[in-house]
Amino acid sequence: MVIGVSGSGKSTVGAALARRLGVAFEDADHLHPPANIDKMTAGEPLTDDDRYPWLDKVGEWLAAHPDGVMSCSALRRAYRDRLRRYSPSARFLHLRGRPDLIAARLAARSGHFMPATLLQSQLDTLEPLGTDEPGVVIDIDDRDVNAIVDAFLTSAG
């Protein structure tokens, strides 16, 4: 599961990782209900009550595709724990980057419902991976997509 704030490259890295592994890929953004998309488009951060049904859909996809790759913000430990109930063997690839780099990426992209104005709320919500959570944190600042995928696969053994 590729996790991180909006604009960190989850979808791009997740799709590249899935291609490399020859497995299914899904972007959790595609599983949001219309009400969540409307709320984010309006610049309103989601609440936990907004997120839990969405996270359950993400978890159902993970359960149906145990070898697949999912990109999902999964910003809080509680969200990751909820997803692991569906997929206990899931590993996390947390993409971490400088806020100014991520803000520039958000400002440059078009056609996405997540406005750059919500970046700070995501950074405030983000809880780093705990030492007991299976996964790695990889800095995106000076790495291209292939280097990130390589670093993750090397860490996975």
Check whether Y52 and L75 end up in the same hydrophobic cluster, where Ile, Leu, Val, Met, Phe, Trp and Tyr are linked by side-chain heavy atoms less than 4.5 Å apart.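 Result: no, two separate clusters.
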Just jot down the side chain to side chain contact (heavy atoms under 4.5 Å, CB included) partners of [X], sequence neighbours excluded, or say none.
X    : value
A24  : W61, H65
S89  : S87
R96  : H94, V137, D139
D150 : R20

So which heavy atom on [X] is nearest to which on [Y], and how close?
X    : Y   : result
I3   : S73 : CB-O, 3.5 Å
E133 : R80 : OE2-NE, 2.7 Å
A28  : V58 : CB-CG2, 3.7 Å
A74  : L83 : CB-CD1, 4.2 Å
C72  : W54 : SG-CH2, 3.7 Å

Determine yes or no for a side-chain-to-main-chain donor-acceptor pair under 3.5 angstrom, with K10 supplying the side chain and V2 the backbone.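 Looks like no, no N/O pair under 3.5 Å.
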Under a 3.5 Å distance rule, please check whether N36 uses its side chain to pair with a backbone N or O of R51 as donor and acceptor.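 Not a single qualifying donor-acceptor pair exists.
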Close side-chain approach of [X] to [Y], heavy-atom, < 4.5 Å:
X    : Y    : value
R91  : S155 : yes
L129 : V136 : no
M70  : L31  : yes
I140 : I102 : yes

Output all residues satisfying salt bridge (charged side-chain N to carboxylate O under 4.0 Å, His left out) with R76, sequence neighbours left out; order by chain, then residue number.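 In terms of salt bridge (charged side-chain N to carboxylate O under 4.0 Å, His left out), with neighbours along the sequence ignored, R76 is linked to D48.
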Which residues pass the salt bridge (charged side-chain N to carboxylate O under 4.0 Å, His left out) test with D132, not counting sequence neighbours?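 With neighbours one apart ignored, the set is R77.
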Separation of H32 NE2 from L46 CG (nearest 0.5 Å):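 The CG atom of L46 sits 6.0 Å away from the NE2 atom of H32.
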Pairwise distance CG(L95) to CD1(I148) - rounded to 0.5 angstrom: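 If we round to the nearest 0.5 Å, L95:CG and I148:CD1 are 5.5 Å apart.
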After noting the C-alpha distance and the side-chain angles of M1 and L62, does the key distance pass the side-chain contact (heavy atoms from CB on, under 4.5 Å) rule? CA-CA 9 Å; M1 193 172 328; L62 290 167; 3.3 Å; yes
Quick one: list whatever passes side-chain hydrogen bond (donor to acceptor under 3.5 Å, both in side chains) with [X], sequence neighbours left out.
X    : answer
S71  : D27
R98  : D100
D141 : none
R82  : D56

Quick test of your reading: applying ring pair (Phe, Tyr, Trp, His ring centres under 6.0 Å), list the pairs with at least one residue in residues 67-87, sequence neighbours left out, ordered by first then second residue.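 Matches after skipping sequence neighbours: none remain.
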